[in-house]
> 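First, the structure itself, so that you have it in front of you.
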Amino acid sequence: MPTSGKAGSAPAGGVRFQTRSEVDFVVVGSGAAGGVLAKELSSAGFSVVVLEQGPYLRPGDFRHDEVGGFFNFDLLPKPNEFPSTFRQTEQDEATVQAFPPSVLYAKLVGGSSVHFTANYWRFRPTDFVERSRIGAIEGTGFADWPIPYADLEPYYTKVDWEVGVSGAPGFGEPPRSRPYPIPPLPVKSSGVLLERAALKLGLHPSPAPMAILSRPHNNRASCIHCGFCMFFGCEVGAKSSSLASMIPVAEATGRCEIRPEATVFRIETNTAGRVTQVLYWDKDGREQAQRARAVVLSANGAETARLLLLSESSRFPGGLANSSGKVGKYLMLNGYCTAYGYFEHPLNEYKSVQVTRVVMDYYDTDPARGCYGGGGIDARFDTYPVMFGLGGLPGDAPQWGPEYKRMLAEYYTHTMAVAGHSTSLPLESNSISLDPNVRDKYGRPALRLTYKDHPDDLKILRFFQDRCKELLDAAGARRVWANPVQEQNVAVHLLGTCRMGDHPAESVVDKYHRAHDVRNLFICDGSSFVTSGRGQPTMTIQALAFRAADHIIQFARRGEI
Amino acid sequence: MSTLSSRRDFVARSGTMVGGAWLAVHLPAIEAAARHARRALGRHAPFGVIYFMDKALGTFGAQFLQPIRGGLPDLLKAARAKNPAVRGFAELSFEQQTDVLRGMEQTPFFGAVRFLTVAGMFGDPSYGGNQDRIGWQLIGFDGGHAHQPPFGYYDANQR
């Protein structure tokens with residue numbers, strides 16, 4: 001991979017486009033979706049400029065520094081520069097949340113795919129047609145996807161092989177046209193214990209599909225089991241971030257320029273309603289404008305929505321591509337809960353990847369539970385030393401003093417978690433919007449998160465937490481504890497804010513990710529989701545991106561953009 | 001008694017973070033409070049937490065400066081209430097210090113000191129704390145860069 005002397009800068013010797021020359025595509029965002037789209041479009045022969053607000057870091061820049069990662073926001077937007085606000089409903093006043101921020105994503109080339117846990121779960125056929133099967137859910141935007149699983153399957157398979165996913169077929173997995181390219185990662189003690197517990201309860205444990213290489217693949221190195229996946233960049237490139245897997249391939253075509261530290265603030269359109277150029281602040285804070293024949297917006301479900309809202313004009317008074325009024329709306333976060341268990345012997349869960357086994361028996365909605373929703377369960381441990389010292393012990397443990405110290409020493413290597421990942425219903429009142437009072441360092445209105453979990457979302461999450469505790473008991477934990485499920489106020493999975501659909505009045509993009517309102521604007525990232533799925537959205541984001549690229553390339557070649 | 005070699009040594013080593021001088025003046029009280037929070041089983045080896053605190057307060061932990069500054073007079077007041085003769089918190093007996101801290105558990109001062117102490121005990125040694133990885137040794141965290149299976153007892157002993 002080409003390197004340069006200074007972390008954050010673009011590689012020496014790559015193609016450079018003039019801002020005033022009209023490239024074929026500008027891709028806004030270099031994360032899970034943007035990386036795939038850049039790679040596909042440039043590989044198909046098109047000229048591509050990727051505008052990424054964050055720095056261009058290299059594997060060698062990544063550290064196992066928990067203090068830096070969690071408390072100094074190493075890979076995140078700095079909250080004092082880019083504040084975000086939170087309120088539960090539109091009737092409340094939004095207030096700034098500093099730690100953790102209301103909207104949490106990684107800001108660098110590769111986006112949040114650099115710091116994700118790398119759980120890669122495909123959606124199942126039922127995910128796309130739940131509304132048809134279950135019926136409408138009053139007061140929500142519950143809807144079918146405009147495409148079936150079968151349309152997306154070939155692209156899930158591309159993700160497996162080109163991005164790099166390790167695993168083996170497990171219980172309830174959807175049909176696949178090719179096997180996994182590489183086998184599952186070696187099981188950890190948490191995985192063994194989950195398996196034992198699941199089998200005891202009559203459930204079906206499976207290896208966890210992970211976007212982490214268990215063997216060398218595509219000229220990338222395999223995992224060294226260092227344990228610093230979640231919230232950190234992978235210094236050997238074994239975790240299949242967009243940075244490790246897609247960006248280098250895009251650059252190697254000679255037709256793709258990654259332009260980091262470029263903060264896009266507006267997409268411009270002409271009187272005919274077509275996008276013409278993308279305005280951004282460069283690393284020196286100067287305004288620049290990159291001309292393009294078409295724009296692909298993949299800035300994540302929060303920033304994509306903000307950018308469209310900021311790109312209003314007389315033709316688009318509610319925001320670019322927002323004649324439906326749905327930009328920013330139907331935000332879904334997924335549910336997440338954990339239970340912890342302390343075991344007699346050391347597990348040393350701090351080693352290796354966070355997850356090696358999953359249980360998918362509760363995936364589908366079950367009417368007997370009295371609510372919409374389902375999910376998956378994994379066995380994991382993702383508490384690094386400082387975080388464990390701050391709050392990793394059971395709630396009734398002392399928080400300082402000799403007994404606290406003794407318990408830390410006893411518990412850290414003997415503890416694991418079982419986590420539930422669940423659905424969120426799409427509510428129009430849950431949204432990303434522009435804060436009317438708070439601004440960021442550039443003067444842009446801050447991201448405002450409005451979110452209140454639907455009662456079904458909380459009900460299914462509590463169901464999962466009970467299942468997690470049950471599994472830990474069945475595994476033989478000497479002690480089991482959990483924090484009560486609470487309403488969410490931090491947005492990590494940013495889904496649904498520019499949903500796909502066949503009807504322009506009800507959706508922002510059509511089934512090919514083309515904005516209903518703007519012929520040469522495509523939007524593809526977590527914002528495209530119609531339903532939330534059962535967690536782990538990145539796999540589906542990338543499958544959608546591969547599929548979107550396929551269609552965009554065909555449209556471009558036929559002169560239909 | 002401070003486990004650091006000298007106050008001058010601390011000021012020299014800490015650079016010009018938050019005002020090494022300020023922290024050094026209050027060093028005995030803060031360090032004594034921190035010692036309670038980090039007292040290991042029978043070990044009195046220095047964690048170097050106070051160096052971590054200094055660095056933190058000058059950079060990413062700047063928001064803790066105000067609660068710590070604000071809480072120090074209360075700490076002294078509570079100490080003198082225990083024993084009017086002491087010049088500072090550090091001069092109380094261990095049991096008296098524990099009592100005082102217990103009474104301040106809910107205060108922002110205590111929260112700030114606890115946070116910085118824990119982060120100093122278990123954060124990367126490059127920040128000045130967790131010297132010689134002693135904090136990681138306490139909890140059994142390897143701190144190594146790579147590992148190989150088997151990782152723990154249960155995957156090593158599968159049937």
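Every heavy atom of this structure was used, including side-chain atoms; hydrogens, water molecules and symmetry mates were not. Letters A, B, ... are given to chains in the order of the sequence lines, protein chains preceding strands, and every chain is numbered from 1.
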> Identify the heavy atoms of B:V118 and A:V386 that sit nearest to each other, and give their distance.
CG1-O, 3.7 Å
> Specify which of A:Y412, A:F70, A:Y384 makes the most heavy-atom pairs with chain B at under 4.5 Å.
A:Y412
> Between atom CG of B:D142 and atom OG1 of A:T413, what is the distance when rounded to the nearest 0.5 Å?
11.5 Å
> Look only at the side chain of A:S189 and the backbone of B:D155, and say whether a donor-acceptor pair between them is shorter than 3.5 Å.
yes
> Just wondering, are more than 12 heavy atoms of other shown residues or ligands nearer than 6.0 Å to CG in A:N80?
yes
> Which distance, rounded to the nearest 0.5 Å, do you find between the NE2 of A:H225 and the CD of B:Q148?
5.0 Å
> So which residues of residues 206-216 of chain A are in contact with chain B at a heavy-atom cut-off of under 4.5 Å?
none
> Could you check which of A:R63, A:E66, A:E195, A:E235 has the highest count of heavy-atom pairs closer than 4.5 Å to chain B?
A:E235
> Which bit of A:V192 is near chain B, if near means a heavy-atom gap under 4.5 Å: side chain, backbone, both or neither?
side chain
> Please test A:Y404 against B:R114 for side chain to side chain contact (heavy atoms under 4.5 Å, CB included), starting from the C-alpha separation and ending with a verdict.
CA-CA 12 Å; A:Y404 160 78; B:R114 179 177 182 269; 3.8 Å; yes
> With a 4.5 angstrom heavy-atom cut-off, could you sort out which part of B:F141 is near chain A: side chain, backbone, both or neither?
both
> Below 30° counts as parallel, above 60° as perpendicular, anything between as tilted: where do the rings of B:H145 and A:H64 land?
parallel
> Is atom CZ of B:R87 surrounded by more than 12 heavy atoms (other residues, nucleotides or ligands) closer than 6.0 Å?
no
> How would you list, in number order, the residues of residues 341-352 of chain A that have a heavy atom less than 4.5 Å from chain B?
A:F343, A:E344, A:H345, A:P346, A:L347, A:N348, A:Y350, A:K351, A:S352
> Do B:Y154 and A:K188 come within less than 4.5 Å of each other through their side chains, counting heavy atoms only?
no
> Identify which part of A:L193 has an atom lying under 4.5 Å from any heavy atom of chain B, answering side chain, backbone, both or neither.
side chain
> Does atom CD (A:E81) have a neighbourhood of more than 12 heavy atoms from anything else shown, all under 6.0 Å?
yes
> Identify the residue among B:F60, B:F115, B:F122 that makes a ring-ring contact (aromatic ring centres under 6.0 Å, His included) with A:F71.
B:F115
> How long is the gap from CG on A:L390 to CE on B:M121, to the nearest 0.5 Å?
10.5 Å
> To the nearest 0.5 Å, how far apart are CG in B:L101 and CH2 in A:W400?
4.5 Å
> By a 4.5 Å heavy-atom criterion (distance strictly below it), what part of B:Q63 contacts chain A: side chain, backbone, both, or neither?
neither
> Can you tell me which of A:P385, A:C226, A:G389 forms the most heavy-atom pairs within a distance under 4.5 Å of chain B?
A:P385
> Does any part of the side chain of B:Q158, heavy atoms only, come nearer than 4.5 Å to the side chain of A:V187, both counted from C-beta?
yes
> Above 12 or not: heavy atoms from other molecules or residues under 6.0 Å from NZ of B:K77?
no
